[in-house]
Protein chains: 2
Amino acid sequence: MAASIIDVAQAVGVSPSTVSRALRGRDGVSDELRVRIIAVAADLGYTASRNASSLASGRTCSIGVLAPYVGRWFFGTVVDAAERVFSAAGYDLLLYNLGSVDSRKRFFAELPVRKRVDAILSLLIPTEDEAERLRSLGIPLAITVGGPRPGFTTVGIDDRAGAELATRHLVNLGHRRIGRIGTQPSAPLYWTTPDLRRRGYLDVLVDAGIPHDPDLEADGEYTVEGGERAMTRLLTAVRPPTAVFAESDEMAMGALRALRAHRLRVPEDIAIVGFDDHELADVVGLTTVAQPVAEHGTQAASLLLRLLRDDTDVPDHVELPTHLIVRNSTAPHRGSLHGGIE
Amino acid sequence: MAASIIDVAQAVGVSPSTVSRALRGRDGVSDELRVRIIAVAADLGYTASRNASSLASGRTCSIGVLAPYVGRWFFGTVVDAAERVFSAAGYDLLLYNLGSVDSRKRFFAELPVRKRVDAILSLLIPTEDEAERLRSLGIPLAITVGGPRPGFTTVGIDDRAGAELATRHLVNLGHRRIGRIGTQPSAPLYWTTPDLRRRGYLDVLVDAGIPHDPDLEADGEYTVEGGERAMTRLLTAVRPPTAVFAESDEMAMGALRALRAHRLRVPEDIAIVGFDDHELADVVGLTTVAQPVAEHGTQAASLLLRLLRDDTDVPDHVELPTHLIVRNSTAPHRGSLHGGIE
DNA sequence: CTGTTAGCGCCTTCAG
DNA sequence: CTGAAGGCGCTAACAG
C-alpha cells in the first residue's frame, strides 16, 4: 500500500492538514516545517491521491478532450498541442474518442465526465442537444474547429473564405469545370465544416459565372480512401472536371492516388487543391489552403486555462488565419493561355 | 448541483446502498425494485461520481496511456485503436504525452497516475528505472512497440527482421551502396527500435559481403524534416548511395522531398524503402516494410483488459507480423541487369 | 502558524 | 432481499 497523508503526518509529527498545506504550497506553514515535510513526503514516495483530493476540493485538475478520431493527422496534431499546454499547467487529459455514432451517443447519454473534469475541449462540433448537455455541466467549455457558439469559447478558421481561396485559385488559372470532393451535408454526425467549404466553392462559381454541375461534386468522407473513390467517380462524369477542390488534404491525396491509377497527370490533365496543409502535402507537392493546425489546440487550451483562472476578458471566439500555398498540383487550364483572368 | 445517490434513494424510498446495488447490476435487489430505481435515476439524470466510487471501491475504471507524441501518425493510430477497445469495456483513457525529456522526467518523478488508473499502456519503451517505477504501482502494465520485458505484457514486431527484409530487398535489386536513415542509438529517450533496425541493416550488409560505410548512415530523427535533412546529407557523401533504407515512412517521405529538391529521380537515381506502411505510403508509391499499426493498440488493450479480469494464460508477449510491400520507389540498380541475385 | 472537526459521494461490510 | 454504519484519502472551515 502506498503512503497516505497520515503516514507523512505521523512521520513528521504534525497533523494531516499541515502536510496538505505544505505540499500544495499554501501559506500558513513555516518555511522550516515545509522543507521538512516535503523531504519526508519525497522519502516515503507520497503523492496525494487525485481522486480523494478532488472529491474533497471539487477540483479535478483534469480536462476532458472530445475528439472524433485521434488517428487522423489533423486531430492528433490538435490534441497533441493542447496536451502540451494543459500538462504544463498541471492538468491531466481525459481523452474521449467519439468517432462512431454509437460511442458519441453513449457519451452524451451518460456524460462520464461529470465531476471528473474541470473543463472540456471539444474537437467535434456538438449538435444543439449535445451542446445543451455540455452546458449543464457548468464548467468552462471550448470548441476548436468551428464557428462561434453560445456558451462555448471557440477557435476556428473562416472555412467559407478558405474554400473561396482554393476555388478562386482554380478559376484564376482558367478552369471552368471545377469539381469538388467533400462530404454529405447531412452526415450522421453534426459538423458544419463541409457545408461552409461547399458554400465557399459555390460562391466563387457564381461569382465567376460558372453554372453549377452536381455531377462534379462527390463524397470523399474526409478520408484518403474516400477521396480516392470520389475522384474515381468524378472521372466517370460525362464531362469530367479539369480541376478539383478537395476539402481536405487527405482526400486530395486519395484523389492523387486515383489519378495515378488512371494514368492521368497532375497538374497537366487535372489540377488539385487541398485544404489544411498536411505535414505531407509538401512531399507530394500539393497546392493547398493552409491553416495553423497545432495552433487550434494551443489557443483553445490557453483560453480554457484562462477561464479556469477566472481571467476577465477572455475572448469567446478566436479566428485563425488561412492562406493559399501554391505547389505543383495546380497549373493553368490547358485551354487558357495564361492563368490570370481576374 | 447534480443529483447524488441520496437523492435517488429518497425519491424511491430506499437506502443508498440499495440504489448502489441496483444501478451496478449486483444481485440482492428484487427485479421490480431495480426497475424502479433505474427509472428514477434516469429521470433525475443521476450518474455515480467516478471519483467517489473509485475512492470507495479502489477501482478507477481508467487506463493510463503513455505516448511520446500523439500527433505522429503511428502513435495516433495506436492510441485510437486502443481507445476503442477500452471504451467499449467501460474504461476511460488518461493520456500522457511524454514527448519531451522534461515532461517525461516529471511524469516518472511524480507518477500522477498513482491511484488514478487501473492499468497502464505505454507506447514508449521505459528505461530500467522508469520500468521499476511503473512496476511499483502494482497494476497491470503493457508496452506496445517493443520487445519482451519482465513485469510487462508486450506487443511488438521483430524490428531486426523487418529491417533485414528492407535491406535484403535492396541487395537483391543489385544495390551495393545502401544508405540508412535512422537515429542516434544514444538518443536522449531510451528506445530500442532504431538500434534493432540498424542491426538488421548491418546483418544483411555483412551477409552480402558489403563493407560497412559510416558515411552512408544519417540521423533522420524519425520525422519528415529530419529525413529530409538526412537525405540531403547523404547526397554530399564522396560516393553517394544508390539506395536508402529509411527506418520509418515519415523519414522516407522526407528523403523523397530532398531528392525532388535535388532533381533526382526515384527509383531511377536512388531507390528508397521505408518502414511502417504509413497510410500515405501508397499515395507516394513508397516501397515499405508493413506492420499492422492499429493492431498494436488493439492487441495491447485487449491483453490489459484480460489481465484486469484476472484471466489466466494471458501471453506476456505477442509478436505481430511484418511484410515487404513493393511499390514504385525501388528498382534494380542501374549497373545490374536483373534484380534477382540470390 | 498549526490542529480539530466535518464532510466530499460512494461502496462495503455487517446485521436484520 | 434490504438497511445502518464505517471508511476510502483528502481538504476546508473553524478554532486556537
Side-chain angles (χ1 to χ4, degrees), chain A residues 1-38 40-41 44-62 90 110-118 138, chain B residues 1-38 40-41 44-62 110-118 137-138:
Chain A
M1 209 52 208
S4 85
I5 198 171
I6 296 184
D7 300 324
V8 180
Q10 288 179 341
V12 182
V14 293
S15 77
S17 348
T18 304
V19 174
S20 172
R21 281 190 282 251
L23 259 24
R24 284 178 309 143
R26 300 305 196 77
D27 46 40
V29 184
S30 67
D31 286 352
E32 184 215 16
L33 220 199
R34 187 189 301 273
V35 171
R36 214 145 50 94
I37 290 175
I38 290 176
V40 172
L44 264 48
Y46 168 77
T47 322
S49 152
R50 291 266 184 130
N51 277 324
S53 75
S54 57
L55 187 57
S57 71
R59 263 170 292 100
T60 65
C61 287
S62 304
E110 302 178 6
L111 234 43
V113 287
R114 199 197 297 271
K115 298 169 198 159
R116 283 203 85 191
V117 301
D118 295 338
Chain B
M1 206 54 206
S4 87
I5 198 170
I6 296 182
D7 299 325
V8 180
Q10 288 180 341
V12 182
V14 293
S15 77
S17 351
T18 304
V19 174
S20 172
R21 281 189 281 251
L23 258 24
R24 284 177 310 142
R26 299 305 196 78
D27 46 40
V29 185
S30 66
D31 286 353
E32 185 216 15
L33 219 199
R34 185 188 304 272
V35 171
R36 213 146 49 94
I37 290 175
I38 291 176
V40 172
L44 265 48
Y46 168 76
T47 323
S49 150
R50 290 267 183 130
N51 277 324
S53 70
S54 58
L55 186 58
S57 71
R59 263 170 292 101
T60 66
C61 287
S62 304
E110 303 178 6
L111 233 44
V113 286
R114 199 196 298 269
K115 299 168 197 159
R116 282 203 86 190
V117 301
D118 294 337
L137 255 19

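Here is how names work: the chains are called A, B, and so on, in the same order as the sequence lines, proteins then strands, and each is numbered from 1.
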Checking all strands, does B/Arg26 fall into the base, sugar-phosphate, or nothing category for heavy-atom contacts under 4.0 angstrom?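 Result for B/Arg26 = sugar-phosphate.
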
Per nearest nucleotide of DNA chain D, the residue lying toward the 5' end, B/Ser57 or B/Asp31, is B/Asp31

Do any side-chain nitrogens or oxygens of [X] fall under 4.0 Å of OP1 or OP2 in [N]?
| X | N | result |
| --- | --- | --- |
| A/Ser20 | D/dT11 | yes |
| B/Thr18 | D/dG3 | yes |
| A/Ser30 | C/dT2 | yes |
| B/Arg24 | C/dT12 | yes |
| A/Arg59 | C/dC8 | no |

Degree of bending in the helix from C/dC1-D/dG16 to C/dG16-D/dC1 once both end axes are built from five pairs, to 10°: 30°

When you compare the side chain of A/Leu111 with that of B/Thr47, does any pair of heavy atoms fall below 4.5 Å?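 Of all side-chain heavy-atom pairs linking A/Leu111 with B/Thr47, none is under 4.5 Å.
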
Any donor-acceptor N/O pair, B/Arg34 side chain to B/Arg26 backbone, under 3.5 Å: yes

Rounded distance (Å) that lies between atom C1' of D/dC8 and atom CZ of A/Arg50: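 So the CZ-C1' distance, A/Arg50 to D/dC8, works out to 18 Å.
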
Rounded to whole Å, please give me the gap between CG in A/Leu55 and P in D/dT11.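 From A/Leu55 CG to D/dT11 P: 11 Å.
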
Can you pull every protein N or O that's under 3.5 Å from an N or O on nucleotides 4-6 of chain D?
{"unit_1": "D/dA4", "atom_1": "N6", "unit_2": "B/Ser17", "atom_2": "OG", "d": "3.1"}

